[in-house]
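Notes for the one structure printed next.
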Amino acid sequence: MKKKDREVFLKQIFWEVVGSAFIAGGIYNFAVQAGFPMTGFSGISIILYQLFGVPVGFSTILLNIPVAILCYRLLGRHFFFSSLRCMLISSLMIDYVAPLLPVYSGDRLLAALCTGVFAGLGYAVIYMQNSSTGGSDFIIMAVKNLKPYWSVGKISFVTDVIIILLGGFLLRDVDGIIYGMIVSFLLAIVVDKLMYGINSGKMTLVVTEHGKEICDVIDSCCGRGSTILQGQGGYRCDNKQVVMCVCNNKEMYLLQHAVKEADPASFMIILESNEVHGEGFRTIRIGEGETQAKNSAV
């Protein structure tokens with residue numbers, strides 16, 4: 001294995017451990033002790049734990065096997081083996097590491113909120129490595145592969161509702177269903193915000209008569225490229241230049257002051273950009289099969 005490949009591999013394992021730790025804390029230290037239905041295959045494992053005392057991590061592995069085999073062809077070899085590794089890490093975290101930490105036994109609503117946040121952070125970190133914890137994640141990523149324009153959080157929410165309802169009815173806990181819905185909804189929001197928020201930014205349109213000078217100012221203050229568009233004033237029909245640039249929040253603050261200092265007569269519009277792809281911005285591959293990943297790399 002080359003040095004670069006080894007570094008990438010170790011970095012992926014590190015983030016998988018971090019994500020698994022968050023998931024384990026959310027499930028064992030909050031969800032299990034609160035006694036409300038959990039999402040995904042973890043939710044089914046909790047049902048088995050509550051009814052028969054089967055260890056959560058062990059039952060999660062057993063449930064993963066048939067689904068993993070079915071999704072292997074669609075998601076590809078790399079994603080499959082990364083998910084198996086991450087599944088083992090998360091299961092060990094739940095069964096052996098999380099029990100060493102304090103368990104929250106207070107208000108169930110607070111437990112639901114903490115579960116959603118902790119688990120959402122964990123799943124998002126793992127998804128961003130183009131991996132998963134297996135189980136229902138295989139199903140979520142398979143759907144994402146088929147419907148790439150759907151967000152991971154929304155797919156997760158839809159698939160989790162069935163498990164939450166099932167767990168609530170089996171355990172005869174209507175309050176648990178409500179808390180489970182809160183967990184699922186909050187988890188979906190955290191996952192989407194963290195995963196897609198990393199590619200967000202701000203876009204500015206600067207209407208000026210000194211387009212080249214403004215581009216030089218932008219390059220010197222924040223190192224971002226820009227594009228000059230040709231425009232025309234609506235009242236006097238005089239020629240204008242519109243400089244377009246996309247950057248992050250901190251850079252936009254610096255850019256705003258630098259442009260106003262360079263051309264006080266300029267007119268600036270700043271817009272929120274939900275996602276930005278291209279040079280200078282990180283691209284995240286989520287739930288891509290090997291064929292799809294190769295095509296996107298060409």
- prompt: Under 4.5 Å between any side-chain heavy atoms of Val242 and Ile228, yes or no?
  reply: no

field: Hydrophobic cluster membership, Met244 vs Ile269, 4.5 Å side-chain cutoff
entry: yes

- prompt: Between Val206 and Ile214, which heavy-atom pair has the shortest distance, and what is it?
  reply: CG1-CG2, 4.3 Å

message: Any heavy-atom pair between the side chains of Thr159 and Val143 that's under 4.5 Å?
response: no

- prompt: Under 4.5 Å between side-chain heavy atoms, hopping through other hydrophobics if needed: is there a path connecting Leu255 to Leu271?
  reply: no

message: Please check if the number of heavy atoms outside Phe267 that lie under 6.0 Å from its CZ is greater than 12.
response: no

query: Is any side-chain heavy atom of Val259 less than 4.5 Å from a side-chain heavy atom of Ser266?
result: yes

- request: Keeping the roles fixed (side chain from Tyr104, backbone from Asp107), state whether a donor-acceptor pair exists under 3.5 Å.
  value: yes

task: Classify the angle between the aromatic ring planes of Phe185 and Phe157 as parallel (below 30°), tilted (30 to 60°) or perpendicular (above 60°).
output: perpendicular

More than 12 heavy atoms from other groups under 6.0 Å of NZ on Lys212: no

- request: Check the hydrophobic clustering (I, L, V, M, F, W, Y; side-chain heavy atoms under 4.5 Å; chains of links allowed) and say if Leu121 and Trp15 are grouped together.
  value: yes

Contact check, side chains of Val191 and Ser156, non-hydrogen atoms, under 4.5 Å: no

message: With heavy-atom distances below 4.5 Å as the criterion, would you say the side chains of Glu209 and Gln241 are in contact?
response: no

query: Quick check: does any side chain N or O of Asp160 sit under 3.5 Å from a backbone N or O of Ser184, one acting as donor and the other as acceptor?
result: no

- prompt: Got a donor-acceptor contact below 3.5 angstrom from the Lys144 side chain to the Trp150 backbone?
  reply: yes

query: Does the side chain of Met252 come within less than 4.5 Å of Thr204's, by heavy atoms?
result: yes

message: I'd like to know if the side chain of Thr208 reaches the main chain of Gly211, judged simply by a donor and an acceptor atom lying under 3.5 Å from each other, with no hydrogens or angles considered.
response: no

message: For the backbone of Tyr127 and the side chain of Ser131, can you confirm whether one donor and one acceptor N or O come within less than 3.5 Å of each other?
response: no

field: Contact summary for Pro102 and Asn29, nearest pair of heavy atoms
entry: O-ND2, 3.0 Å

- prompt: Of the non-hydrogen atoms in Ala111 and Phe30, which two are nearest, and what is the gap between them?
  reply: O-CB, 3.8 Å

- request: State whether a side-chain donor-acceptor pair under 3.5 Å links Ser83 with Ser132.
  value: yes

message: When you group the ILVMFWY residues by side-chain heavy-atom contacts below 4.5 Å and let the links chain together, are Leu110 and Leu187 in the same group?
response: yes

- request: Verify the neighbour count for atom CD of Gln232: are there more than 12 heavy atoms of other residues, nucleotides or ligands below 6.0 Å?
  value: yes

- request: Could you tell me whether the side chain of Asp192 and the main chain of Ser151 form a donor-acceptor pair under 3.5 Å?
  value: no

- prompt: Is there a path from Phe81 to Met87 through hydrophobic residues (I, L, V, M, F, W, Y) whose side chains come within less than 4.5 Å of each other?
  reply: yes

- request: Heavy atoms only: give me the nearest Cys86-Ile126 pair and the separation to one decimal.
  value: SG-CD1, 3.4 Å

query: What is the minimum heavy-atom distance between Val190 and Gly116, and which atoms define it?
result: CG2-O, 4.3 Å

- prompt: Do Glu251 side-chain atoms and Asn248 backbone N/O form a donor-acceptor pair below 3.5 Å?
  reply: yes

Phe118 atom CZ, over 12 foreign heavy atoms within 6.0 Å: no

task: Determine yes or no for a side-chain-to-main-chain donor-acceptor pair under 3.5 angstrom, with Arg224 supplying the side chain and Cys247 the backbone.
output: no

query: Can you name the nearest heavy-atom pair linking Ser59 to Val54, along with the distance?
result: CB-CG1, 3.8 Å

